[in-house]
Amino acid sequence: QAQLVESGGGLVQPGGSLRLSCAASKFTLDYYTIGWFRQAPGKEREGISCHSSNDGSTYYADSVKGRFTISRDNAKNTVYLQMNSLKPEDTAVYFCAADTRWAFATVQAMCDMTSGPKLNEVFWGQGTQVTVSS
């Protein structure tokens with residue numbers, strides 16, 4: 001059964017760093033646009049970074065640009081999110097996703113997806129909690 005399994009979340013102080021991992025099994029992540037999303041209580045799911053190996057394009061939301069970095073290790077079939085200079089407003093459940101149905105033409109289109117039918121067009125991880133608090 002195909003899976004995305006996340007790890008690396010936890011509690012960190014403001015200004016600190018975390019590295020989230022999302023390991024895929026039973027399918028090859030490099031075939032698909034992948035992304036990181038987050039959802040805080042009472043808010044819509046927010047696309048924060050999406051990347052396509054096909055065209056090499058990467059998108060970052062303004063809220064994380066310059067602080068977060070998305071990357072892949074194809075040998076490990078894993079996508080990472082390096083989070084630096086963390087702020088309390090970064091507190092959320094973080095999800096990884098793969099566009100396994102080729103629903104999005106661009107990385108921005110994938111990251112702009114927050115709700116609606118296309119939530120079912122991507123393959124999601126289970127989410128991991130990140131809490132930024134002093």
Side-chain angles (χ1 to χ4, degrees):
Q1 185 178 26
Q3 289 184 314
L4 290 171
V5 180
E6 300 179 8
S7 61
L11 175 65
V12 65
Q13 292 185 326
S17 298
L18 284 174
R19 190 187 193 190
L20 305 183
S21 299
C22 181
S25 60
K26 303 296 180 67
F27 74 103
T28 301
L29 267 181
D30 194 43
Y31 293 169
Y32 309 106
T33 298
I34 52 88
W36 285 96
F37 296 74
R38 66 186 182 187
Q39 189 165 19
K43 294 186 176 181
E44 292 185 325
R45 194 165 295 188
E46 175 191 15
I48 56 174
S49 185
C50 295
H51 172 74
S52 171
S53 294
N54 184 46
D55 61 11
S57 59
T58 303
Y59 170 84
Y60 293 98
D62 288 342
S63 58
V64 307
K65 194 174 298 182
R67 300 188 297 121
F68 291 10
T69 304
I70 191 171
S71 63
R72 303 184 196 234
D73 186 335
N74 290 331
K76 295 182 179 179
N77 207 21
T78 299
V79 61
Y80 303 96
L81 185 68
Q82 179 66 46
M83 305 186 294
N84 298 326
S85 302
L86 283 161
K87 305 173 182 179
E89 52 263 43
D90 295 319
T91 296
V93 178
Y94 283 71
F95 301 87
C96 61
D99 186 14
T100 55
R101 299 184 183 180
W102 304 97
F104 303 99
T106 66
V107 292
Q108 184 171 354
M110 182 177 183
C111 266
D112 284 347
M113 177 271 298
T114 58
S115 63
K118 289 197 172 182
L119 284 171
N120 301 126
E121 296 298 314
V122 302
F123 185 64
W124 295 96
Q126 79 287 351
T128 186
Q129 178 70 45
V130 172
T131 302
V132 184
S133 180
S134 59

Which residues share a ring-ring contact (aromatic ring centres under 6.0 Å, His included) with Phe37, sequence neighbours left out: Trp124

Minimum-distance pair of heavy atoms, taken over all atoms of Thr58 and Val107: C-CG2, 4.1 Å

Atom pair CD/SG of Gln3 and Cys22 - distance to nearest 0.5 Å: 10.5 Å

Ser63 and Glu46: side chain donor to acceptor below 3.5 Å: yes

Any residue meeting side-chain hydrogen bond (donor to acceptor under 3.5 Å, both in side chains) with Gln39, in chain and number order, not counting sequence neighbours: Arg45

Side-chain donor or acceptor of Asn77 paired with backbone N/O of Ala24 under 3.5 Å: yes

Arg67 side chain to Ser85 backbone, donor-acceptor under 3.5 Å: yes

From OH (Tyr59) to OG1 (Thr106), nearest 0.5 Å: 9.5 Å

Arg38/Val130 under side-chain contact (heavy atoms from CB on, under 4.5 Å): CA gap, chis, key distance, verdict: CA-CA 9 Å; Arg38 66 186 182 187; Val130 172; over 6 Å; no

Donor-acceptor under 3.5 Å (Trp36 side chain, Tyr80 main chain): yes

Could you tabulate the donor-acceptor pairs under 3.5 Å formed by side-chain atoms of residues 5-21, not counting sequence neighbours?
from	atom 1	to	atom 2	distance (Å)
Glu6	OE1	Thr128	N	3.2
Glu6	OE2	Cys96	N	2.5
Ser17	OG	Asn84	OD1	2.8

Arg72: partners by salt bridge (charged side-chain N to carboxylate O under 4.0 Å, His left out), with sequence neighbours left out: none

For the student: nearest non-hydrogen atoms of Leu4 and Ala98, plus distance: CD1-N, 4.2 Å

Pairs meeting criterion salt bridge (Lys or Arg N to Asp or Glu O under 4.0 Å) with involvement of residues 47-63, two or more places apart: Asp62-Lys65

For Val122 against Met113, the heavy-atom pair lying closest together: CG2-CE, 4.0 Å

Minimum-distance pair of heavy atoms, taken over all atoms of Ala61 and Gly47: CB-O, 3.5 Å

Gap between atom OG1 of Thr91 and atom CD of Gln129 - 0.5 Å precision: 7.0 Å

Report all side-chain donor-acceptor pairs from residues 25-35 shorter than 3.5 Å, counting only partners two or more places apart or in another chain.
from	atom 1	to	atom 2	distance (Å)
Asp30	OD1	Ser53	OG	2.5
Asp30	OD1	Asn74	ND2	3.4

Hydrophobic cluster membership, Val79 vs Val64, 4.5 Å side-chain cutoff: yes

Residue pair Cys111 / Ser49: nearest heavy atoms and the distance that separates them: SG-C, 3.3 Å

